[in-house]
Amino acid sequence: MSKTYAPHADMAANAHITAADYEEMYNASIADPEAFWGEHGKRIDWIKPYSRVKDVCFDYGNVSIKWYDDGTLNVAANCIDRHLATRGDQTAIIWEPDSPDDDALHISYRDLHKATCKMANVLKGLGVEKGDRVVIYMPMIPEATYAMLACARIGAIHSIVFAGFSPDALSARVNGCNAKVVITADEAPRGGRNTPLKTNADKALAKCDDSVQALVVRRTGADVPWSDRDHDYNALAAAASDDCPPTEVNAEDPLFILYTSGSTGQPKGVVHTTGGYLVYAAMTHQITFDYHDGDIYWCTADVGWVTGHSYIVYGPLANGATTVMFEGVPTYPDASRFWQVCEKHKVSQFYTAPTAIRALMGQGDDFVKKADLSSLKLLGTVGEPINPEAWNWYNDVVGGGRCPIVDTWWQTETGGHLMTPLPGAHATKPGAAQKPFFGIEPVVLDPTDGSVIDGNDVEGVLCIKDSWPGQMRTVWGDHERFEQTYFSDFKGYYFTGDGCRRDADGDYWITGRVDDVINVSGHRMGTAEVESALVAHPKVAEAAVVGYPHDIKGQGIYCYVTLMSGDEPSEDLRKELRTWVRNEIGPIASPDLIQWAPGLPKTRSGKIMRRILRKIAEDDFGALGDTSTLADPSVVDELIANRMNKG
Ligand code: WTA
């Protein structure tokens with residue numbers, strides 16, 4: 001039995017949801033989703049109220065997901081305008097710059113309204129209309145949020161590309177959604193170094209249609225190359241009106257596209273729509289973090305990931321919260337930065353990834369202890385399973401044993417939290433995502449035949465039985481791929497791609513991906529993407545990529561590479577391949593270990609047996625299983641003999 005931590009009495013006394021509330025509301029949400037979500041849809045303002053709540057079909061071949069589909073609204077009006085009367089002067093965004101020597105900004109809801117309207121008018125001036133796509137490739141600066149909300153305000157669909165992605169990755173996404181405009185900045189300061197964002201965008205745009213325009217925000221003021229397609233955001237915004245009426249859109253009009261990795265092929269454009277997404281982001285933000293008026297909430301994610309969308313911008317702002325936006329990194333100028341920022345801005349709720357916790361834990365407790373963290377009330381984690389050692393350190397050293405930890409399990413596809421303990425309701429268990437959120441019915445299936453595994457103390461693949469308002473609706477431009485990816489393996493369910501265990505108490509533990517997706521420092525990556533980057537190198541004949549356990553990153557990237565005949569392995573070539581992959585995808589995809597493989601284990605029909613490669617990378621030779629179907633079993637011995645050392 002693992003140790004549990006009961007809700008703290010003062011937290012439970014004031015919490016939005018107590019243990020009794022949870023039971024009652026959860027049961028109601030499953031018994032009558034229409035009634036439950038019909039009521040909670042009223043959390044946001046509608047221009048035309050909905051009369052229909054849910055219209056969903058999970059049958060493979062006919063998958064269709066609609067929520068509130070005869071209602072109309074505007075997301076920016078919900079995140080800004082409706083707060084102006086009551087909290088116009090309240091800080092909406094606290095922006096903390098990369099360098100602690102530069103001033104933080106406190107942006108009020110009134111300021112946010114003006115800035116968003118200006119950005120919206122600038123976009124309109126560039127010809128952006130409702131339904132058009134706008135790619136955002138930006139540092140973590142307030143203008144990134146203005147850009148998101150400006151798109152929402154005029155009904156344009158944004159697609160954010162993480163600023164750490166390479167020009168090639170950016171051009172693929174711009175072309176993938178036929179964006180009209182790319183919003184970028186001159187440079188992106190991070191950890192004391194400036195990434196030449198505009199130069200990267202230029203390289204990407206060279207591979208896009210000439211009609212694609214660039215809107216360039218001045219962040220550092222550096223001299224950057226300029227061409228006919230470029231527009232100076234600061235000059236245009238200075239001249240633009242700060243009034244822009246919100247465009248009425250349908251609940252099922254797309255709000256954004258976010259490219260994410262899957263087990264096969266190139267990243268797919270996850271489509272989230274307007275009404276259901278906002279209801280779900282707002283509700284989960286309020287309840288999971290037990291957000292109350294006056295709290296200062298900080299999520300350390302980047303807006304380039306879904307966590308930044310739902311829990312820096314849309315959820316908090318829909319709730320009229322004060323949300324912190326941080327441009328920098330946890331270890332600059334030193335490993336106490338996160339805690340200094342918590343002290344400086346009196347942060348109440350702090351939400352980060354296990355990889356950051358592990359990295360900071362390794363730097364020792366003094367960096368934490370020199371900051372006054374008495375404002376903290378709650379801690380959260382997201383992105384990957386958290387090991388109990390990191391959980392305990394987070395709890396004891398950062399939270400001082402006072403702050404409940406919410407371990408939130410969810411995905412780009414889910415829009416918001418699907419499983420998490422609630423801080424005033426549940427005794428937490430280190431490492432468990434534990435309880436389904438309202439309306440979420442998890443099912444554990446047998447991976448071999450898809451049958452439902454009932455009862456407790458069981459393990460299998462994790463599916464979800466019915467829809468929730470924040471669920472993705474389709475893959476941009478490829479509904480068939482959507483159905484194939486999520487609804488074809490286990491008919492009638494949404495397949496998450498994760499494995500899970502339901503323990504003796506009925507609590508859920510996520511055991512990790514069961515497909516060829518790996519999770520490196522909380523960044524999701526398809527092994528197929530890294531493989532296709534490797535084989536694009538002229539000296540590489542074949543490559544197979546798997547994850548292996550890594551102390552800080554959670555998983556590291558292990559590559560087996562077969563060279564073209566005539567090409568010799570060398571340390572220089574290893575370095576070259578690393579740089580190559582960084583250039584193709586971005587630094588987050590940089591291979592940790594590259595093993596030269598004269599041959600790869602294949603079946604007689606030519607299929608690479610990744611199961612075996614995974615076991616070798618994991619150092620788990622005893623569990624290789626049946627190798628008799630291999631065309632040439634001797635390659636396995638060769639690979640084991642030359643396995644890369646993790647050290
Ligand atoms: C993993 C991030 C364990 C999981 C919001 C999922 C987690 C993938 C947790 C989605 C958690 C996320 N515990 N595993 N609390 N949160 N994951 O799309 O494998 O970047 O499928 O969304 O991260 O990653 P994504």
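Owing to the predicted nature of the structure, the values given are computational and were not obtained by experimental measurement. Counting convention: from 1, in listed order, for ligands and their atoms alike. Numbering of residues begins at 1 and proceeds along the displayed sequence.
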List ligand 1 atoms under 4.0 Å from [X], heavy atoms only on the residue side.
X      : answer
Asp407 : 11 (C), 13 (N), 15 (N)
Ile510 : 3 (C), 14 (N)
Asn519 : 1 (C), 23 (O)
Val382 : 5 (C)

Requested in this report: Tell me whether the centres of the aromatic rings in Tyr280 and Trp410 are closer together than 6.0 Å.
Outcome: no

Measure [X] to ligand 1 on non-hydrogen atoms and call it side chain, backbone, both or neither using the 4.0 Å cut-off.
X      : value
Thr412 : both
Val517 : neither
Thr408 : backbone

Distance-only polar pair, side chains of [X] and [Y], donor-acceptor under 3.5 Å:
X      : Y      : answer
Glu584 : Ser532 : no
Tyr259 : Thr412 : no
His417 : Thr288 : yes
Tyr494 : Gln471 : no
Asp295 : Gln349 : yes

Below the 3.5 angstrom mark, is there an N/O of [X], backbone or side chain, next to an N/O of ligand 1?
X      : value
Thr307 : no
Arg513 : yes
Glu413 : no

Can you tell whether the side chains of [X] and [Y] come within less than 4.0 Å, N to carboxylate O?
X      : Y      : value
Arg473 : Asp253 : no
Lys377 : Asp290 : no
Glu96  : Arg337 : yes
Arg502 : Asp507 : no

Which residue supplies the protein heavy atom nearest to [atom], what is that atom called, and how far is it?
atom                    : value
atom 9 (C) of ligand 1  : Glu384 N, 3.5 Å
atom 2 (C) of ligand 1  : Trp410 O, 4.0 Å
atom 3 (C) of ligand 1  : Pro385 N, 3.1 Å
atom 1 (C) of ligand 1  : Gly383 O, 3.3 Å
atom 24 (O) of ligand 1 : Arg524 CD, 3.6 Å

- At a 4.0 Å cut-off, with the gap strictly under it, does some heavy atom of Ala433 reach an atom of ligand 1? no

Minimal heavy-atom distance between Gly424 and Ala12, with the atoms involved, is O-CB, 3.7 Å

The option among Thr381, Asp515, Asp498, Ile518 carrying the non-hydrogen atom nearest to atom 4 (C) of ligand 1 is Asp498

